[in-house]
Participant: 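Once you've had a glance at the structure underneath, I'll fire off some questions.
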Amino acid sequence: MATDAELPSAPPAWWRDAVTYQIYIRSFADANSDGLGDVDGIRSRLPYLADLGVDAVWINPWYPSPQADGGYDVADYRDIEPMFGTLADAQALISEAHALGIRVVLDIVPNHSSDRHVWFQAALASPPGSPERARYVFRDGRGPNGDEPPTNWPSCFGGPAWTRVTEADGSPGQWYLHLFAPEQPDWNWANPEVVEEFHDILRFWFDLGADGFRIDVAHGLAKDMTGGDLPADILADGARFATPYWDQPGTHDIYRGWRAVTAAYEPERLFVAEAWVETPEKLARYLRSDELHSAFDFSFVRSAWDPIELRSTIDASLAAHHEVGAPVTWTLSNHDIVRHLSRYGRPQSERSANPLNGWNGVTDVGLGTLRARAALLLLLALPGAIYLYQGEELGLEEVEDLPDDVLQDPIWERSGHTDRGRDGCRVPIPWTPDGPSLGFGTATPWLPQPAHWKDLAASVQADDPSSMLHLYRTALTVRREHLAGRDLPLQWRDLGGDVVAFGRGDAFTCTVNLGSEPCAVPPGRVVLASGPLDGGSLGRDTAVWTTAD
Ligand code: BGC
């Protein structure tokens, strides 16, 4: 009989080092010519994604929704928004993706629903104290007439987090909680009916073949409703961390229940959490063995393009994840964040008050492109999983000059037109150099594209060896060949203060020069570089992968 030591170990789970491509469905590909992307648009571009070499896609919410927040206001969790297609289209997409070896991760929105959800409509039609109201967070107001909100909590989109309703008899009534827009009432996760409903929704999509879920606002579900008002200093700091509603202990119990749901599936389905918590240690608490599989690590979003910051943030994330045996899930950009090409193209000196915007100052697109190319090789060489955001492979920058009247992000209105919101990273992507929307579709797109994006169209870059698209495809191929599926811990190499360099195992080395002076290309065979190597030297903001063989 074989002893444990002789038994072959199980292959590592696919998601531990997968490369997942985020599809912001509204802006990916428009097959039905209404100016908005859709399910059939995604289906038509699956061969492109297979050719790019990604292992999975994550699709932003595609459920029926009034689109008050780009689909993060869900009216029905078990169907597809008619503007995007049908459930049959979604099923076809999942099987076509699987046939190409691409897994499909969906986006679940458990912190809040749409105010058009039947359960919220029922809550509005029912009296205070009713079971219908107990699925959401309703409270009486303060003050003699109850006309002040129950707490001073702010909405993440600006304004208060409470809205007052009118009761059935026409009198001013209770208040409901919405940490985001008023059209997004928060669920009450202390109610077992809500817990059961979401287990059932998860099973619905897993049974249709979904391989996993990204969890929206994963750190917000459990609330301490006895928490009371926020102190002035927390409010002044944007109420991002120390509040009675972010990262509460009860959240972990919710995910233990979710893990039990996925564990019943063979193969087990995946969760990846969007949890904006304060430290990597707090993030890792969501990744204990009976909780979630993975969670986005936003350290590259929070860090400057700076060797000291990058080295220390990478170290901190690796150490915290190691403690719980989870891989780090790295990412540079998503649909909420200023595109990293633009973040890196700005002077890295003055941080924006909003961490999603990175740095203040004027964007130098040339510099941003150079750094984005190097950042890709840095990211892809790290141990762990990677999420890419659509369009970064084309070298798209943040669109910073969208006219006021096209802006759709609720942040624009709710901030009283002081914050332009996130539309600049959501502009439909260019596929070809011509047509009314550069191949996105045949109608006028929902957000206008910059004219010069014709030069960045996928078809234009496809055969150009110097293009960003070519770099992404090649880097993904090389990563698969040298790093994927292998347990190769990171070992730092000391090549001087401005150089971030590390080995993965004995053979593979990644070296990034963040200084202004060239440095020597390390010994070994060059397998890929993010820019030209000038006579054996590595120029500023350039990365190289070398191997010992
Ligand atoms: C999503 C955002 C959304 C918010 C509310 C997030 O973190 O990524 O796009 O506006 O949750 O659902």
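For this chain, numbers begin at 1 and follow the sequence in order. Note that ligands are numbered from 1 as they come in the structure, with each ligand's atoms numbered from 1 the same way.
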Participant: Pairing donors with acceptors under 3.5 angstrom, does anything connect the side chains of Arg164 and Gln174?
Facilitator: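 No, no side-chain donor-acceptor pair sits under 3.5 Å.
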Participant: Using a 4.0 Å heavy-atom cut-off, say whether His219 meets ligand 1 through its side chain, its backbone, both or neither.
Facilitator: neither
Participant: I need the nearest protein heavy-atom contact for atom 9 (O) of ligand 1: residue, atom name and distance, please.
Facilitator: Asp336 OD1, 2.7 Å
Participant: Check each heavy atom of Arg214 against ligand 1 and say whether those closer than 4.0 Å belong to the side chain, the backbone, both or neither.
Facilitator: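 It is the side chain that touches ligand 1; the backbone stays farther off.
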Participant: Is there a donor in the side chain of Asp207 and an acceptor in the side chain of Tyr265, or the other way round, less than 3.5 Å apart?
Facilitator: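 Distance-only check passes for Asp207 and Tyr265.
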Participant: Near Arg426, which atoms of ligand 1 are under 4.0 Å from a heavy atom of that residue?
Facilitator: 9 (O)
Participant: I need the atoms of ligand 1 closer than 4.0 Å to a non-hydrogen atom of His335, numbered in the order shown.
Facilitator: 1 (C), 2 (C), 8 (O), 9 (O)
Participant: Is the NZ or CZ atom of Arg240 both under 6.0 Å from the centre of the six-membered ring of Trp246 and within 45° of that ring's axis?
Facilitator: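 That pair does not qualify as a cation-pi contact.
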Participant: Which ligand 1 atoms are under 4.0 Å away from a heavy-atom of His112?
Facilitator: 5 (C), 12 (O)
Participant: Keeping the roles fixed (side chain from Asn188, backbone from Ala134), state whether a donor-acceptor pair exists under 3.5 Å.
Facilitator: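 Confirmed, Asn188 side chain pairs with Ala134 backbone.
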Participant: Using distance alone, with no hydrogens and no angle criterion, decide if Thr151 and Asp229 have a side-chain donor and acceptor under 3.5 Å apart.
Facilitator: no
Participant: Any donor-acceptor pair under 3.5 Å linking the side-chain atoms of His417 with those of Glu413?
Facilitator: yes
Participant: Would you kindly say whether Asn354 and Ser352 are connected by a side-chain donor-acceptor distance under 3.5 Å?
Facilitator: no
Participant: So is Phe157 touching ligand 1 or not, going by heavy atoms under 4.0 Å?
Facilitator: yes
Participant: Does the ring of Phe157 carry Arg414 above it, NZ/CZ under 6.0 angstrom from centre and within 45° of its axis?
Facilitator: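 No - Arg414 does not lie over the ring of Phe157 by the 6.0 Å and 45° rule.
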Participant: Would you mind running through ligand 1 and noting each atom that sits below 4.0 Å from a heavy atom of Asp216?
Facilitator: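 So the atoms of ligand 1 that pass are 1 (C), 5 (C), 6 (C), 7 (O), 8 (O), 11 (O), 12 (O).
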Participant: May I ask you to list the atoms of ligand 1 that are less than 4.0 angstrom from any heavy atom of Arg422?
Facilitator: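 It comes down to these atoms of ligand 1: 2 (C), 3 (C), 9 (O), 10 (O).
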Participant: For atom 7 (O) of ligand 1, grab the closest protein heavy atom and report residue, atom and distance to one decimal in Å.
Facilitator: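 Protein heavy atom at minimum distance: Glu274 OE2, 2.5 Å.
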Participant: With a cut-off of 4.0 Å, which atoms of ligand 1 are near a heavy atom of Asp69?
Facilitator: 3 (C), 4 (C), 5 (C), 10 (O), 12 (O)
Participant: Run the numbers for me: atoms of ligand 1, each under 4.0 Å from some heavy atom of Val217, listed by number.
Facilitator: 11 (O)
